[in-house]
Amino acid sequence: MRKIMIVDDSQTIRKLISFILKQKNFLTVEAEDGLDAIEKLSTTPVDLIIVDLNMPNMDGIEFVRTLRNNYYHMDVPIIMLTTTKDEDLRKDALHAGVNLFLNKPINPDVLIYKVEGLIKGV
Ligand SMILES: [Mg+2]
């Protein structure tokens, strides 16, 4: 089974995304910010990462930059959660190595469509 990491400082959003993915038989692992995610990735390899943009300690863009500079995580697909207000930051996120964006509030069908599309592309 495919394992997906959800990185968000909101427990509500983590639980919501996890719930949607589990209904499609994905395994999930949660992290509360970029630092927590990097620590967990060192022992738990994943097939795809969904990451929030705004988080304390290490935000989404810094997290993606860090991953893309790491040999083991160079190619893992990454979806970033954004709001329509984050337009300027999307360019930075793409440059850092984000594959796709997902707008909040989350639409479950769009989430599954994007996750399955990216995983098939690997
Ligand atoms: Mg946040």
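The figures here come from the full heavy-atom set of this structure, side chains too, leaving out hydrogens, waters and symmetry mates. Each ligand, and each atom within it, is numbered from 1 in the order the structure gives.
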Apply salt bridge (charged side-chain N to carboxylate O under 4.0 Å, His left out) to residues Glu30 and Lys40 and explain how you reach the verdict. CA-CA 9 Å; Glu30 298 178 25; Lys40 285 178 174 154; over 6 Å; no
May I have all residue pairs that pass side-chain hydrogen bond (donor to acceptor under 3.5 Å, both in side chains) and include part of residues 55-67, sequence neighbours excluded? Asp33-Asn57
Given the rule in the side chain to side chain contact (heavy atoms under 4.5 Å, CB included) test, do Asn70 and Leu41 qualify, once you have shown the distances and angles that lead to the verdict? CA-CA 11 Å; Asn70 180 312; Leu41 281 171; over 6 Å; no
In the structure I gave you, are the side-chain heavy atoms of Leu48 and Arg2 within less than 4.5 Å of one another anywhere? no
Close side-chain approach of Asp86 and Met80, heavy atoms under 4.5 Å: no
Give every protein N, O or S atom lying under 2.8 Å from the Mg ion (ligand 1), naming each by residue and atom. Asp9 OD1, Asp52 OD2, Asn54 O
When rounded to the nearest 0.5 Å, the distance separating CG of Leu102 from CD1 of Ile79 is 6.5 Å
